[in-house]
A.B. asks: 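Questions regarding the structure given below will be posed in turn.
Every chain is numbered from 1, with letters handed out A, B, ... down the list of sequences. Keep in mind that what you see is a predicted model, and the values were worked out from it rather than measured.
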Protein chains: 2
Amino acid sequence: MREPTSSLQGEIRAFVLGKIVGGEWAPGARVPSETELVARFGTSRMTVHHALKALTAEGYLRRVKGLGTFVAPPRAHVLHARLTDVADEIAERGGRHRCEVLDHDVRCASAAEAALFQLPPGERLLHARLLHFENDTPLQIEDRLIDPARVPGVEDLDPAAESYFAFLMGKVPYPAGRAVVRAVMPPMETRFLLRMGPEEPALEVERVTRAPDGAVLTVARLIYPGTRYVLSGEIAPPVGRAGDIAGDDE
Amino acid sequence: MREPTSSLQGEIRAFVLGKIVGGEWAPGARVPSETELVARFGTSRMTVHHALKALTAEGYLRRVKGLGTFVAPPRAHVLHARLTDVADEIAERGGRHRCEVLDHDVRCASAAEAALFQLPPGERLLHARLLHFENDTPLQIEDRLIDPARVPGVEDLDPAAESYFAFLMGKVPYPAGRAVVRAVMPPMETRFLLRMGPEEPALEVERVTRAPDGAVLTVARLIYPGTRYVLSGEIAPPVGRAGDIAGDDE
DNA sequence: AAGTGGTCTAGACCACTCA
DNA sequence: GAGTGGTCTAGACCACTTC
């Protein structure tokens, strides 16, 4: 990560961040107040405030009105792993992507599915199962349920032409959601489709995607052969979103 | 995520974010300029700037000097998964944590280990293998290598008393690092120790932790029984760190 | 009462892009 | 040259904490 020391904010940022990652200021330690930093760097208070605010948003600092600024206790780290469209992921590696449609139907929601989508049982749900290939080697089975009432036009989509991921991205960018990553032994059919070895486990990523209003839009189960796919990402401190009210986690 | 509309910044933020997550402003679309928002909300320019800056840091906007502000193209989402100390994780669930030391020795780095740590082969490395229990059920095997030259005092640590995670956190808070998540079939001994079923796969999380200067401090392999552990997290747009120079990814 | 951070103002200069 | 965002200033009032 390149640090811009070219600006006054950058200087203050580098000064504070340096003390933190260098271990000089331990977690919980008091950071100089805005007034003190103003005196030290000879800038206006707003400049200092900007720098500290940014570091707070990035999870390095904890600020309490009336009390002071402190080094945030990093008792947890956060894994930031990109979840992309399979097609994009393959393209990035320079591979060729192809997709076979295994199932594609509109069905009535079972009790479990209705509960998942918070819909009355029997409501219509679009179901699709796709097999994605990288250079003719199967890489992923995508098992997806979509609420067609919330995603207009999705019933007319040809999954082989445009991915559901891309389509949904266009319809509802910036969805909220949760994902769960598991190691599983998939059933026979899955093993066969993904050309997996007899003892090979699978990595399963299950995503529940919600509209900003909280309604479930789609549930996707992505299954990868364990020997051909890993999930990877960077580790960083937990980020604070500006929309959040000050941390209630203590 | 609660949005503070109590402040002027909050109002502007809510206005812009609403248009984005509501799909009214599509990815790539032009966002009103600071001048326009100043006119609309009747605030000073700094106030508008703050709000847009925050949304930029959170990955929702893309700003180009001299050009304008745009809705960031969300072609990828990011899974934000917490990586905590096992002991903390178990404590959060109200469980009881216990730890058995399987191996604990200082050895000379093999060629592969030396390469991983970017050290000359034969350098001393601390190796430990721990079995973590939740309520007397084994949950994790921690297989860890540490460069004792970079982490003073680590050789005197009793892993059963204080976890390496906590110790390292205290020594080098806010490390940089990468993690890889895999589904694997562990060897016999591991299956036995974790009391895994004959066909049960394992979830493996491998972390490489680096000091701010880039030197590898520790490599941890954490192995969980697939039926007793999942990795989960929230999905959000990729965050931009203020220290980064404007995105070069296009 | 003194000090803290949160927010806001009304200016300013700059580097940049586009026409 | 007009418009954009990036940065900065020197003030201000507020809510909050601790003493």
A.B. asks: Identify whether any heavy atom of H50(B) sits under 4.0 Å from a base atom; if not, whether one sits that close to sugar-phosphate; answer base, sugar-phosphate or nothing.
C.D. replies: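 The residue H50(B) makes no contact with any strand.
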A.B. asks: Over how many whole Å does the gap from I12(B) atom CD1 to dG5(D) atom C1' extend?
C.D. replies: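 Going from I12(B) (CD1) to dG5(D) (C1'), I get 15 Å.
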A.B. asks: Before we go on, tell me: are the rings of Y174(A) and W25(B) under 6.0 Å apart, centre to centre?
C.D. replies: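 No, too far apart.
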A.B. asks: I'd like to know if R82(A) pairs up with D88(A) as an ion pair, taking the criterion as any Lys NZ or Arg NE/NH1/NH2 lying under 4.0 Å from an Asp or Glu carboxylate oxygen.
C.D. replies: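 The answer is no: the pair does not qualify as a salt bridge.
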A.B. asks: Can a side chain N or O of S44(A) be found less than 4.0 Å away from OP1 or OP2 on dA10(D)?
C.D. replies: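 For dA10(D), neither OP1 nor OP2 has a side-chain N or O of S44(A) closer than 4.0 Å.
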A.B. asks: Look at R13(A) together with E58(A) and state whether they make a salt bridge at an N to O cut-off of under 4.0 Å.
C.D. replies: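 Yes.
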A.B. asks: According to a strict under-4.0 Å criterion, is T35(B) in side-chain N/O contact with OP1 or OP2 of dT4(D)?
C.D. replies: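 Looking at the OP1 and OP2 atoms of dT4(D), one of them is under 4.0 Å from a side-chain N or O of T35(B).
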A.B. asks: Under 4.0 Å from OP1 or OP2 of dT7(C): is there any side-chain N or O of K65(A) that close?
C.D. replies: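 No, no such contact exists.
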A.B. asks: Taking the side chain as every heavy atom from C-beta outward, state whether E206(B) and E204(B) have any pair of such atoms under 4.5 Å apart.
C.D. replies: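 Answer yes - side chains close enough.
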A.B. asks: Counting only side-chain heavy atoms from C-beta out, which of dT4(D), dG5(C), dT17(C) sits nearest to R30(B)?
C.D. replies: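 Closest of the options to the side chain of R30(B): dT4(D).
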A.B. asks: What is the separation between atom CE on M46(B) and atom P on dG11(D), rounded to the nearest whole Å?
C.D. replies: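 Going from CE in M46(B) over to P in dG11(D) covers 17 Å.
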A.B. asks: Roughly, in whole Å, what's the span from CZ in R63(B) to P in dG5(D)?
C.D. replies: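 These atoms are roughly 5 Å apart.
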A.B. asks: What is the distance, rounded to the nearest whole Å, between atom CZ of F70(B) and atom C1' of dC18(C)?
C.D. replies: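 Atom CZ in F70(B) sits about 11 Å away from atom C1' in dC18(C).
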A.B. asks: Does T69(B) place a side-chain N or O at less than 4.0 Å from the phosphate oxygens OP1/OP2 of dT4(D)?
C.D. replies: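 Result: no.
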A.B. asks: At under 4.0 Å, does any side-chain N or O of H49(A) touch on OP1 or OP2 of dG5(C)?
C.D. replies: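 The answer is no; no side-chain N or O of H49(A) sits under 4.0 Å from OP1 or OP2.
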A.B. asks: Which residue is it: R98(B), R93(B), R96(B)? I am looking for the one with a side chain to side chain donor-acceptor pair (under 3.5 Å) to E134(B).
C.D. replies: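 One option only clears the test, and that one is R93(B).
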A.B. asks: Rounded to whole Å, how long is the line connecting atom NZ of K53(A) with atom P of dC8(D)?
C.D. replies: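 Taking atom P of dC8(D) as the reference, NZ of K53(A) is at 16 Å.
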A.B. asks: To the nearest Å, give me how far apart CG (L8(B)) and P (dC8(C)) are.
C.D. replies: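 Interatomic distance, CG of L8(B) to P of dC8(C): 4 Å.
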A.B. asks: Determine: side-chain N/O of Q9(A) to OP1/OP2 of dG6(D), distance under 4.0 Å, yes or no.
C.D. replies: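 Looking at the OP1 and OP2 atoms of dG6(D), neither is under 4.0 Å from any side-chain N or O of Q9(A).
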A.B. asks: Would you please confirm or rule out a distance under 4.0 Å between OP1 or OP2 of dA10(D) and any side-chain N or O of R45(A)?
C.D. replies: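 Checking dA10(D) against R45(A), no side-chain N or O comes under 4.0 Å of OP1 or OP2.
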A.B. asks: Once you round it to whole Å, what is the distance between P of dA2(D) and CD of E36(B)?
C.D. replies: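 Going from E36(B) (CD) to dA2(D) (P), I get 17 Å.
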A.B. asks: Side-chain N or O of T43(A) less than 4.0 angstrom from OP1 or OP2 on dC8(D)?
C.D. replies: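 It does not, given that no N or O in the side chain of T43(A) lies less than 4.0 Å from OP1 or OP2 of dC8(D).
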A.B. asks: What's the CG-P distance between L52(A) and dT4(C), to the nearest Å?
C.D. replies: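 These atoms are roughly 12 Å apart.
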